[in-house]
Each structure stands twice: as C-alpha cells, then as structure tokens.
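Counting begins at 1 with the first residue of the sequence.
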Amino acid sequence: MTNFTIASFNVKNLIGPDQEYYRFQSYTPEEYAWKSDWLAEQLQTMDADIVCFQEIFEEDALRHVIAEADADGIAGNEAHIPGPNKRYRRKAIFRKLAYRPYTEAALAFAPNSNDGASGKRRPGVAILSRFGFVYEPEIIQDLSEPVEIDFGPMGAGGGGSFTLTRLSRPILKVRVPVGDHVVTVFTCHLKSKLGEFVTPAGADAPPEIDLTDYDPVGRALGGLRSSLRRMAEAWVLRRAIVAEIEAGHPVMVTGDFNDGEHAVSSEIISGEHPFKNYAWMLRHDAETPRDRYTEEEDTQIREAIESVRLHSAEKQFVHKSARDMVYTAAFGGVYESIDQIYMSRHFLEGSPDSIGQMDYFSVLNDHLTDGSHAEAPYNKLASDHGQIIAHMRLKD
C-alpha cells in the first residue's frame, strides 16, 4: 500500500511586502513576516504530500513560505525526533510527529493572465508535490476556441447566447506519480460571487459601485454576470476532467469553488447523479406511452454516468464519521464549505476502477472568524479559508 495526502489551501492574497495588490491594500514588512510565518506553520501542520494553493500573486513569496516551513520543521525534527542512537527511534509515533521537508519537491505556478499593474493585481494558483510531476504542467485560462453557450430557440427572437474567451483565474493541471500510479490533479479558483460591473464609455467607474446611489437591479445584474462566468468556468474544468477520465487516468480536483457542494457550478464539475432506475423512464425516442428503457439500457446509462462522476472527499468523510458539519469559510455568520477535494471513482473502495481509497479527511478551520468577531482583522494576515486534507491509500 502507498499512503499519500492531498490538500487545498487558499492562502488569501500572498504577495511580498510594500506591494499594492488591490487598491490601497498591501502588507507592511511586519505584516508580511507575520503572514508568511502563519502560512508556514499551517503548511507544517498539514504536512501534505500534494498541496494545491489559491490566491498566489508571486511564486517567490510562495517559495519563501515553503522554505520557512522547511526551516522550522527541520529544526523541530532535530529537537523532538530521536536520533539513531536511541533504541525507541523506530516507534510509529515518531514517524507521525516528524516533519517531511519539501526540499526535493516540485512546484508548478500558474500566473493569472488578467494580472495587472499595482493596485489591479490578479492572483494565480500553484501545486506543490513531494512526488514531482510527470510531463509538463498545463495551464487552462486563455481559451484557443471560445466557449459559445447557445441558449436555444425560445420563440421568434431565439434564446440568446453567452461567450467565454478567458477564465477569471487559471486552472492548473499536473500529473503526479504516486506509487505504481499516475494521478491527474487539477486545482482551480472559480469566479467569486462578487458582482461584475461594466464601466460605461467615458466614465471612471461602474455606477453600481456607488452605494450612496444604490442600484438594486444593476447590482443584481452584476451577480448574474458572476454566476454565468463561474458556471462557464466550471464547465471548462468539467470538460478537461472528463477527457482525463476517458483516457483512463485517475483524477483529483481541488480548489476554491466559491460555491457549496450542491450549487449548480459544483455539480457541473462533479457530474450528474444517476437515477436508481431508468427502466421506468419514458425513452428519449418514445412513440407510445409504454416505450421505456430496458433493464440492459438502464445498466448502460448508469455506468456511463458513474464512470465520469466525481465524489466529494468531505461527503465521504461525513458518511464514514457520522459528523454533520464541515466548513471552510465564514462570512456574516454563515459557515459553509466552498473549498473542495473531488476524486474520480478510482479512489472509491469497491468501484470497478478502484486503485485505492480515502482513509480520513481533516480540516483546519479554528482560525476562521467573520465580520462580527472581535478578532476579524486577524484574517488579513491569516487566511479567510480553512485548509482541507484528504488522507489516501493506494493499492500497489
């Protein structure tokens, strides 16, 4: 058996000191030192073999955090892990307590094509792997062929259409050799729920951002734009996932989905949930009320859906442990999971394509606060997301 862990970590705006990433927002050297120290400590606690990061403005800043985690972790090992002269050095407890540095690990960084000048920066994503990578990492953001979404005929004027030419943030795809297998890993950071507003010609800013002249209809339209973009980005990711699964590759998908597990965008990524029995359904080509799918076709349909469906690590954990809540984000008193680890059925025990299973799922969320909490400013320097880790076991 080969054990490995995979994690998703939205670090919240990682960039070096004295650099304005968003308008009037930057870190002093002291704030940056505090933030990098906190991130390094979290990275040590996670101690994951594969870490998928979101909100990375600079690769150098991330490398600095990783180096800091290694330095602290190695120092901790020297202080707490018994040397070869101790007869009890082989006890399992010390293997679990030991920090494994990322000295030989591979790092892939996907900068954001929308990144701009000071004050108008846009973050990318990254993947850190102790196992290295097979082939070159791939970045999906600028689409060679635009996604044309035709809403179909709805009367004489037609149903309209929606076109996507670039994602708001990159999707990063890598192939990781783990034991006897190669796992395709995607990480993403889909468009947030913040409204997208258009600046009219000759204006300095969109009128909807002036809250003293509140425009509820215009702001609702901004939310519609965001939702359309997020769901279109989810479809682009889904297309890439299905291509990998159909090529026979095990797939894991991580990241900040900016939506809960049952949101439309998340269900686009994970795929349809099959009905229990299609034999009672009217056929697509029915000519009489009695034309139903056969038992054989029912089996065929459900297998076609299941073979490309993804499964939530969090949901598996909840089912196994009988726990009723996991959350990775908190805002305005609402606690929800918007960071996810999904996996193809290759990682489900007992599935036809099984190569292993998830043994445990953990979340680091004690640092989360919301705007009503007295310590809310702390989140500027920490992260406003919990970190999630799936503990996997593969067959050899």
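Contact detail for Leu282 and Pro289: the closest heavy-atom pair is CD1-O, 3.6 Å. Between Ala313 and Met358 the shortest heavy-atom distance is O-CE, 3.2 Å. The shortest heavy-atom contact between Glu55 and Pro123 is CA-CB, 3.5 Å. The heavy-atom pair separating Pro206 from Thr199 by the smallest distance is CD-OG1, 3.2 Å. Here the shortest heavy-atom pairing between Ala108 and Leu172 reads O-CD2, 3.5 Å. Here the closest heavy-atom approach between residue Ile305 and residue Glu272 is recorded as CG2-O, 3.4 Å.
Asp298 places no side-chain N or O within 3.5 Å of a backbone atom of Thr294 that could act as its donor or acceptor partner. Not a single donor-acceptor pair under 3.5 Å links the side chain of Arg175 to the backbone N or O of Val134. At distances below 3.5 Å, not a single donor-acceptor pair connects side-chain atoms of Glu349 with backbone N or O atoms of Phe347. A distance-only check finds a donor-acceptor pair linking the side chain of Arg225 to the backbone of Glu196 [under 3.5 Å]. In this structure a side-chain-to-backbone donor-acceptor pair under 3.5 Å is missing from Ser266 to His262. The closest donor-acceptor contact from the side chain of Tyr360 to the backbone of Ile389 lies at 3.5 Å or more, if one exists at all. In this structure, Ser26 contributes its side chain and Gln19 its backbone to no donor-acceptor pair below 3.5 Å. Judged by distance alone, the side chain of Glu58 and the main-chain N or O of Ile56 form no donor-acceptor pair under 3.5 Å. Remark: side-chain polar atoms of Arg130 are paired, donor with acceptor, to backbone N or O of Ala48 under 3.5 angstrom. A distance-only check finds a donor-acceptor pair linking the side chain of Ser351 to the backbone of Leu348 [under 3.5 Å].
Each of Asp339, Asp256, Asp384, Asn258 was checked for a side-chain hydrogen bond (donor to acceptor under 3.5 Å, both in side chains) with Asn10, and the lone residue meeting it is Asp256. For the pairing with Ser168, the side-chain hydrogen bond (donor to acceptor under 3.5 Å, both in side chains) check across Arg122, Arg230, Glu233, Lys191 returns one residue only, Glu233.
Using modelled atom types, one finds no donor on one side chain facing an acceptor on the other under 3.5 Å when comparing Ser161 with Asp150. Between the side chains of Asp70 and Tyr99, at least one donor-acceptor pair of N or O atoms lies under 3.5 Å. Side-chain atoms of Glu261 and Gln340 form no donor-acceptor pair, as typed in the model, at a separation below 3.5 Å. A side-chain donor from one of Asp396 and Thr2 sits under 3.5 Å from a side-chain acceptor of the other.
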*Would you please test Lys395 and Asp180 for salt bridge (charged side-chain N to carboxylate O under 4.0 Å, His left out) and show each step?*
CA-CA 8 Å; Lys395 302 172 185 176; Asp180 296 332; over 6 Å; no

*Is there a side-chain contact (heavy atoms from CB on, under 4.5 Å) between Trp235 and Val147 once you walk through the steps?*
CA-CA 9 Å; Trp235 182 85; Val147 174; 3.9 Å; yes

*asked:* Could you walk me through whether Asn114 and Gln141 satisfy the side-chain contact (heavy atoms from CB on, under 4.5 Å) test, starting with their C-alpha distance in whole Å, then the side-chain angles of each, then the deciding distance to 0.1 Å, before giving a yes or no?
replied: CA-CA 9 Å; Asn114 299 308; Gln141 185 169 22; 3.4 Å; yes

_Ser362 and His391: CA distance, side-chain angles, deciding distance, side-chain hydrogen bond (donor to acceptor under 3.5 Å, both in side chains) verdict_ = CA-CA 8 Å; Ser362 49; His391 302 251; 3.0 Å; yes

*asked:* One pair to check against side-chain hydrogen bond (donor to acceptor under 3.5 Å, both in side chains): Ser383 and His385. What are the steps and the verdict?
replied: CA-CA 5 Å; Ser383 172; His385 288 252; 5.8 Å; no

_Derivation of the salt bridge (charged side-chain N to carboxylate O under 4.0 Å, His left out) call for Lys120 and Glu20_ = CA-CA 8 Å; Lys120 298 180 180 179; Glu20 186 180 24; over 6 Å; no

*Please assess Asp18 against Tyr32 for the test side-chain hydrogen bond (donor to acceptor under 3.5 Å, both in side chains), listing each intermediate value before the final yes or no.*
CA-CA 9 Å; Asp18 296 327; Tyr32 174 73; over 6 Å; no

*Residues Arg63, Glu59; criterion salt bridge (charged side-chain N to carboxylate O under 4.0 Å, His left out); working and verdict*: CA-CA 6 Å; Arg63 289 190 179 277; Glu59 182 178 350; 2.9 Å; yes

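By the 30° and 60° cut-offs, the orientation of the rings of Tyr21 relative to Phe57 is tilted.
Neither Met1 nor Ile50 shares a network with the other; the hydrophobic side chains, linked directly or stepwise wherever heavy atoms of I, L, V, M, F, W or Y lie under 4.5 Å apart, form separate groups for each.
Contacts of Asp285 classified as side-chain hydrogen bond (donor to acceptor under 3.5 Å, both in side chains), with partners at least two apart in sequence or in another chain: Arg283. Remark: Asn365 engages no residue in a side-chain hydrogen bond (donor to acceptor under 3.5 Å, both in side chains) (not counting sequence neighbours).
Counting non-hydrogen atoms of other residues, nucleotides and ligands closer than 6.0 Å to OH of Tyr22 gives a total above 12. Atom CD of Glu148 has more than 12 neighbouring heavy atoms from other residues, nucleotides or ligands inside a 6.0 Å radius.
Aromatic ring centroids of His181 and Phe4 lie 6.0 Å or more apart.
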